[in-house]
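Per chain, numbering begins at 1; letters A, B, ... match sequence-line order.
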2 protein chains.
Amino acid sequence: MNQITRTAAAEKVMVIGGVAYTMANCPVRDVLDNIGGKWNTLIIQGLADGPVRFSALRRMIPDISQRMLTQTLRDLQRDGYLKRTVFPTQPPSVEYELTDLGQSFLAIVLPVVAWSTDNHERIRAARKVYDEGVL
Amino acid sequence: MNQITRTAAAEKVMVIGGVAYTMANCPVRDVLDNIGGKWNTLIIQGLADGPVRFSALRRMIPDISQRMLTQTLRDLQRDGYLKRTVFPTQPPSVEYELTDLGQSFLAIVLPVVAWSTDNHERIRAARKVYDEGVL
DNA sequence: CTGTATCCGGTCTGATACTG
DNA sequence: CAGTATCAGACCGGATACAG
């Protein structure tokens with residue numbers, strides 16, 4: 001079970017699987033932030049089939065701004081989900097590729113995606129009922 | 001695979017599992033928002049063992065403010081993850097309980113939590129390497 | 001006990017312009 | 001091509017006060 005207690009020093013911690021974490025160093029938060037981020041999972045899935053160049057990712061996800069694509073790629077690289085390779089051509093080209101960790105992450109994300117599509121009818125139905133009841 | 005294309009009307013859509021969605025009506029977004037939210041998964045896990053009262057949830061998650069607990073419970077109720085029952089006592093008491101959908105959701109969240117704790121060492125290591133390289 | 005209402009600062013995101 | 005810099009609006013989350 002998941003519960004939260006106070007330490008002797010009155011510091012608030014979460015206890016997950018018998019181990020205590022503060023909000024700032026909670027491993028679940030680190031991962032959940034990446035799952036919940038607006039573009040993270042889309043990019044991870046875009047890299048599922050192998051290395052992809054920056055411009056190719058932009059074409060796969062036209063909604064994303066250049067700024068957000070760069071920033072999200074940096075975040076994912078920082079956490080070790082993907083590797084960035086610069087080819088010294090003119091003009092430069094850059095490839096992004098999932099690491100082993102990234103592929104492992106993809107493997108746990110895919111079930112979530114599947115569950116989402118499987119259950120979105122129920123969610124939308126519940127939402128509609130709720131919204132009508134509130135009116 | 002997951003890709004994004006433009007329709008004839010130049011509207012941007014995501015194609016997931018062969019079905020097109022706009023950013024606003026994407027089922028994966030609906031679920032990912034609930035996974036990524038700061039308190040959602042904590043509350044879902046808090047309800048794993050059965051109905052829990054509002055005040056009991058507060059004690060389980062001391063970090064959460066009353067405002068956020070109420071709001072997150074509303075969001076989860078709206079999407080059909082949990083059921084709210086008011087007992088007409090004085091003072092009133094309210095119980096929250098996972099629905100079938102909520103339990104199903106919990107079942108897909110738990111692997112993610114497990115993966116997080118299993119891999120957080122690798123993530124922190126990658127992050128440290130990256131941050132030192134950037135210095 | 002279980003909420004609602006209000007304010008407010010920080011963060012996230014997008015648009016735009018500029019660069020090696 | 002693949003970024004970086006800057007700015008502004010939306011949004012999230014917390015603190016506080018109040019209420020049925």
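The nucleotide whose nearest atom lies closest to any side-chain atom of A:Met68 is, among C:dT2, D:dG14, C:dG14, C:dG14. Of all nucleotides listed (D:dT6, C:dT4, C:dC1), D:dT6 comes nearest to the side chain of A:Arg67. Side-chain proximity of A:Ser55 to the nucleotides C:dG3, C:dC1, D:dA2 is greatest for D:dA2. Closest approach to the B:Pro91 side chain among D:dG13, C:dC1, D:dG3 is made by C:dC1 (side chain taken as heavy atoms from C-beta onward). Closest to the side chain of A:Gln71, from the set C:dT13, C:dC1, C:dG3, is C:dT13. Here C:dG14 is the nucleotide among C:dT2, C:dG14, D:dG3 with the atom lying nearest to any side-chain atom of A:Trp39. The side chain of B:Pro92 lies closest to D:dG20 when the candidates are D:dG3, D:dG20, D:dA2.
Atom CG of A:Asp63 is separated from atom C1' of C:dT13 by 13 Å (rounded to the nearest Å). Atom P of nucleotide C:dT11 and atom CG of A:Asp33 are separated by 13 Å, given to the nearest angstrom. Protein atom CD1 of B:Ile43 is 13 Å distant from nucleotide atom C1' of D:dG13, rounded to whole Å. Counting to the nearest Å, the P atom of D:dG13 and the CG atom of B:Leu69 are 13 Å from each other. Put simply, NZ on A:Lys38 is 10 Å from P on D:dC11, counting in whole angstrom units. Rounded to whole angstrom, the span from the CG atom of B:Leu73 across to the P atom of C:dC1 amounts to 16 Å. To the nearest angstrom, P of D:dC1 lies 14 Å from CG of A:Leu57. When rounded to the nearest whole Å, the span between CD1 of A:Ile64 and P of D:dG3 equals 12 Å.
A:Tyr96 and A:Phe87 fall into different hydrophobic clusters, where Ile, Leu, Val, Met, Phe, Trp and Tyr side chains are chained together by heavy-atom contacts under 4.5 Å. Residue B:Leu76 is not grouped with residue A:Val134 when hydrophobic side chains (ILVMFWY) are merged at heavy-atom distances under 4.5 angstrom, including chains of intermediate members.
A salt bridge is defined here as a Lys NZ or Arg NE, NH1 or NH2 lying under 4.0 Å from an Asp or Glu carboxylate O, and B:Asp100 with A:Arg122 fails to meet this definition.
At the heavy-atom level, B:Phe87 lies nowhere under 4.0 Å from the strands shown. Within the 4.0 angstrom heavy-atom criterion, base atoms lie near B:Gln66. Residue contacts shown for B:Arg58 are absent, as no nucleic acid heavy atom lies under 4.0 Å away.
Using a distance-only test at 3.5 Å, with no hydrogens or angles considered, a donor-acceptor pair links the side chain of A:Arg29 to the main chain of B:Lys38. Using a distance-only test at 3.5 Å, with no hydrogens or angles considered, no donor-acceptor pair links the side chain of A:Thr72 to the main chain of A:Leu69.
Between A:Arg84 and D:dG3 there is a side-chain N or O to OP1 or OP2 distance below 4.0 Å. A sub-4.0 Å separation between OP1 or OP2 of D:dC1 and a side-chain N or O of A:Tyr96 is absent. For C:dT2, one of the phosphate oxygens OP1 or OP2 lies less than 4.0 angstrom from a side-chain nitrogen or oxygen of B:Arg53.
Using cut-offs of 30° and 60° for the angle between ring planes, the B:Tyr81 and B:Phe105 rings count as tilted.
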